[in-house]
J.: 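The structure is given below, and queries will be raised subsequently.
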2 protein chains.
Amino acid sequence: MTCEGNFTKKLSERGYRVTPQRREILHILLHADAHLTPAEIFEEAHKKLPNLTEPTVYRTLEFLAEIGLAQEAYSEKSKSAYEISGYAHHHLICRKCAKEVEIPHVKVEGLCQNLEDETGFKLMQNHLSFFGICPDCQEN
Amino acid sequence: MTCEGNFTKKLSERGYRVTPQRREILHILLHADAHLTPAEIFEEAHKKLPNLTEPTVYRTLEFLAEIGLAQEAYSEKSKSAYEISGYAHHHLICRKCAKEVEIPHVKVEGLCQNLEDETGFKLMQNHLSFFGICPDCQEN
DNA sequence: GTCCTTATTGCAAAAAATTGCAATAAGGAT
DNA sequence: ATCCTTATTGCAATTTTTTGCAATAAGGAC
Ligand SMILES: [Mn+2]
Ligand SMILES: [Mn+2]
Ligand SMILES: [Zn+2]
Ligand SMILES: [Zn+2]
């Protein structure tokens, strides 16, 4: 089974169609070691699928995020980027050098629980970006 | 003194120029009771400044955010929006009906302190968006 | 395998956001 | 008040993202 098999299975199980475009984009997301922009994903996927178009990439990413297989990353200046929905985590980002540190969700869980209790909202898997200045940049 | 006086003063103090465009955009942000998109701000500011152009609005908002007088709001699908930098707060947003609940920063302060202690990052005033499903939408 | 339904895609066009650069005007010096 | 420097703006062009719609092809029924 291909590496994106688990994800395409979820697609069909939930009544969505498994297309080469979705397969390829999932494949790329699965092998990414960072957040990818739609442009990066298009460039990569286009090698395998020469007829692929940008609107399809944008729509596919939005769709995958909607159904929870991918998630959007909020970096500075609301440039969008995506990653596969794996383990829950968040990010600490340096405003000067853009260095990122990953924060396991467990660190944020308590706060989420409090917010749920106080507001009645049911939180979904969030993917937060905290901005600050990293230790290195604080010195200079 | 006009209502945006405090903010324009900060501009000159820090060596930035006070222009009618910046003045007007600050004025609009100060009187907004919600996050405003660049388009909304342009439309409003354009009434007073007929020569104003979109690039100036985008650049001004980015600039104000950079120097801390405004802040960007991350809503769904990374549509950008801005508000004046006033009291620190965050948002809880319903993914179904888009209803927003404001969260005072004090609720998040403990977590921020922990993150600072553990990572050595110095956090800046963040403006977080937590997504979830509101009580009303949970019923339906 | 063939047919059918309709979700998904590609294409063309529109809208939103960004960029380069020359013209303008803010603010300091005289 | 006038001049000077250069930060800031407007304009034109480009790039990115979104949208509408007709063509395509995925998946189910036979
Ligand atoms: Mn991430
Ligand atoms: Mn806000
Ligand atoms: Zn840094
Ligand atoms: Zn709701």
J.: Round to the nearest Å and state the distance from A:Arg22 atom CZ to D:dT24 atom P.
T.: 19 Å
J.: Whole angstrom is fine here: how far is it from OH in B:Tyr16 over to P in D:dT5?
T.: 23 Å
J.: Per the atom types in the model, does the base of D:dG28 pair as donor or acceptor with the side chain of A:Arg17 at under 3.5 Å?
T.: no
J.: Does A:Phe130 have its ring centroid less than 6.0 Å away from the ring centroid of B:Phe121?
T.: no
J.: C:dT9 phosphate, OP1 or OP2: any side-chain N/O from A:Arg59 under 4.0 angstrom?
T.: no
J.: Can you see if the side chain of B:Thr19 gets near the phosphate of C:dA25 - specifically, an N or O under 4.0 Å from OP1 or OP2?
T.: no
J.: In whole Å, what is the span from the CG atom of B:Leu11 to the C1' atom of C:dA25?
T.: 16 Å
J.: From NZ of A:Lys9 over to P of D:dG27, roughly how many Å is that when rounded to an integer?
T.: 15 Å
J.: Should A:Gln21 be listed as having a side-chain N or O under 4.0 Å from OP1 or OP2 of C:dG10?
T.: yes
J.: Could you state the atom-to-atom distance from NE2 of A:His46 to C1' of C:dC11 in whole Å?
T.: 13 Å
J.: Round to a whole Å and report the spacing from CD of B:Glu54 to P of D:dT9.
T.: 14 Å
J.: Counting only N and O atoms by type, is there a donor-acceptor contact under 3.5 Å from the side chain of A:Gln138 to the main-chain atoms of B:Gly120?
T.: yes
J.: Quick one: sort the B:His91 and B:His89 rings into parallel, tilted or perpendicular, breaks at 30° and 60°.
T.: perpendicular
J.: Which is true for A:Pro50 with a 4.0 Å heavy-atom rule: it touches a base, it touches only sugar-phosphate, or it touches nothing?
T.: nothing
J.: Return yes if some donor-acceptor pair links the side-chain N/O of A:Asp33 with the main-chain N/O of A:His31 below 3.5 Å, else return no.
T.: no
J.: C:dG10 phosphate, OP1 or OP2: any side-chain N/O from A:Thr56 under 4.0 angstrom?
T.: yes
J.: Rounded to whole Å, please give me the gap between CG in B:Leu49 and P in D:dT8.
T.: 17 Å
J.: Both B:Pro38 and B:Val18 contact DNA chain C. Taking the nearest nucleotide for each, which residue is further toward the 5' end?
T.: B:Pro38
J.: Which word best sums up how the rings of A:His105 and A:His90 line up, parallel for under 30°, tilted for 30 to 60°, or perpendicular for over 60°?
T.: tilted
J.: Once you round it to whole Å, what is the distance between C1' of D:dT24 and CG of A:Leu52?
T.: 15 Å
